[in-house]
Amino acid sequence: MKELTEIGRFIKNFLFSIVNREFLIFLFFLIVSGTFWLLTALNETVEREFEVPVSLIGVPKDVVITTDIQDTLKVTLRDKGFTLAAYMSSHRLQPMQVVFNNYTAKDNGRGQVAQSELQRYISQQLYGSTKITSVKPDRLEFFYNHGISKKVPVRFIGKVVPAENYYLSRTICQPSQVTVYADKSLLDSISFVGTESMRLVNFTDTVVRKVKLQTIRGAKIVPAEVEVTFCPDILTEEAVEVPIEAVGTPEGKVLRTFPSRVKVRFSVGANQFRQVKAEQFRVEADFSALGDHPSEKCPIFLRKSPPNVSNARLEIGMVDYLIEQ
């Protein structure tokens, strides 16, 4: 007890020393002035934004909501600070429930809650002095159908550039098709669903990404995202020998070239080289290219190459030739 008495006496002497007494006086007036400022601020007329949750209820079992209703209303109210603080502390603004059947009388695949109805719903919960200055969005709408759907392919949208000396051999979307629910007129206009645009550069190994699909107003897409696999392959320089075909030769004449075959060089993925055949290329010697001034050499042209090769070119561009009558 004696020790406690000494501690109490020490604290008392500390608090009421000259220096600390001045600090306590300063703190007292600070609290008083802060309280006065707060009361003054709360008594002023101000605006504040409130969020009101929104939900759609009473949806029949045979109905598919293709574009859901917005889940939040942003309401700006104007009143004295005391009143707005009361809204914040009492949760006076209740969530809004939109009954499906009340807004789908026309059964045209679309339901809409007008701005006047939104304001009326909010006004019923406000004090008489509170004014609504804005409601966002200015109306609520949703789209639906009775299960009409079709499958459409997925198309990747974006920029994909592998590292130097690599190329993109395959892009795989899984699933490759998605189901779209919408009214018949909208379904007829949809031939594919694109992914959200993405950018991928400078990679050498297979990359797998989850990518969301682009939204279509009035349509529901299932699933809403796909898995996209990007398969790069290293480029190699290869060559094949291709026969030279004479074209445009007049009747009774034969155009022979020396040599009769020529090498075609090209770039191709290492994994696809075995699929490239000489028959997929076409090299021509055009008789009409000799014109009225034949020379010792005949130009040859690469007219065709397979789509899975790049930078295809002839090893030589001129050959010897002989015209036989």
Side-chain angles (χ1 to χ4, degrees), residues 67 149-182 186-187 189-217 219-245 259 261-285 299-319:
T67 300
S149 66
K150 75 173 182 179
K151 287 186 174 294
V152 296
V154 176
R155 181 179 298 178
F156 172 75
I157 297 175
K159 182 177 182 180
V160 180
V161 182
E164 188 176 0
N165 296 326
Y166 284 79
Y167 82 108
L168 188 64
S169 63
R170 287 186 302 163
T171 300
I172 305 170
C173 292
Q174 186 61 36
S176 60
Q177 290 187 323
V178 293
T179 303
V180 180
Y181 295 87
L186 180 57
L187 278 179
S189 67
I190 299 174
S191 58
F192 70 92
V193 175
T195 65
E196 290 187 351
S197 181
M198 69 166 290
R199 176 183 172 89
L200 180 65
V201 297
N202 198 31
F203 63 101
T204 58
D205 294 325
T206 299
V207 176
V208 180
R209 294 282 176 86
K210 291 281 189 181
V211 184
K212 291 184 178 181
L213 299 177
Q214 293 180 351
T215 58
I216 301 175
R217 187 172 181 266
K220 180 179 182 179
I221 302 170
V222 180
E225 68 175 16
V226 295
E227 184 179 84
V228 185
T229 303
F230 304 99
C231 303
D233 192 8
I234 191 168
L235 286 171
T236 62
E237 185 78 11
E238 303 291 347
V240 294
E241 279 199 346
V242 179
I244 302 174
E245 299 181 32
R261 304 173 69 88
V262 66
K263 278 188 176 182
V264 178
R265 298 193 176 276
F266 55 90
S267 298
V268 67
N271 294 330
Q272 294 193 353
F273 171 63
R274 295 180 182 275
Q275 303 174 15
V276 179
K277 307 297 181 183
E279 295 78 16
Q280 297 174 289
F281 297 86
R282 182 182 179 88
V283 179
E284 295 180 352
I300 54 177
F301 306 93
L302 178 62
R303 299 299 191 189
K304 178 184 174 183
S305 61
N308 57 341
V309 306
S310 61
N311 195 28
R313 61 203 182 278
L314 297 172
E315 188 175 55
I316 57 175
M318 305 284 286
V319 294

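What you are looking at is a predicted structure, and each value in this text was computed from that prediction instead of being measured.
- Atom CD of Glu164 has 12 or fewer heavy atoms from other residues, nucleotides or ligands within 6.0 Å.
- Residues passing the side chain to side chain contact (heavy atoms under 4.5 Å, CB included) test with Arg217 are Arg110, Glu141, Phe143, sequence neighbours excluded.
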Donor-acceptor contacts under 3.5 Å from residues 190-209 side chains, at least two apart:
residue, atom, partner, partner atom, Å
Thr195, OG1, Ile157, N, 3.0

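- Residues meeting the side chain to side chain donor-acceptor pair (under 3.5 Å) test with Ser310, sequence neighbours left out: none.
- With sequence neighbours excluded, the residues satisfying side chain to side chain contact (heavy atoms under 4.5 Å, CB included) with Glu238 are Thr236, Phe266, Val268, Phe273.
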Worksheet item: Does the side-chain contact (heavy atoms from CB on, under 4.5 Å) test come out yes or no for Val262 and Val319, once each step is laid out?
Response: CA-CA 9 Å; Val262 66; Val319 294; 5.5 Å; no

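- The shortest distance between side-chain heavy atoms of Ser176 and Val154 does not fall below 4.5 Å.
- The shortest side-chain heavy-atom distance between Phe281 and Val240 falls under the 4.5 Å cut-off.
- By the 4.5 Å heavy-atom criterion applied to side chains, Gln280 and Ser305 are not counted as neighbours.
- A salt bridge links Arg313 to Glu237: at least one charged side-chain nitrogen sits closer than 4.0 Å to a carboxylate oxygen.
- Salt bridge Glu241/Lys263: absent, no basic N to carboxylate O contact under 4.0 Å.
- Here the straight-line distance linking atom NZ of Lys304 with atom CG of Leu302 works out to 11.0 Å at 0.5 Å rounding.
- With sequence neighbours left out, Glu284 forms a side chain to side chain donor-acceptor pair (under 3.5 Å) with Arg282, Arg303.
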Donor-acceptor list for residues 220-234 side chains, cut-off 3.5 Å, not counting sequence neighbours:
residue, atom, partner, partner atom, Å
Asp233, OD2, Ala270, N, 3.2
Asp233, OD2, Asn271, N, 3.0

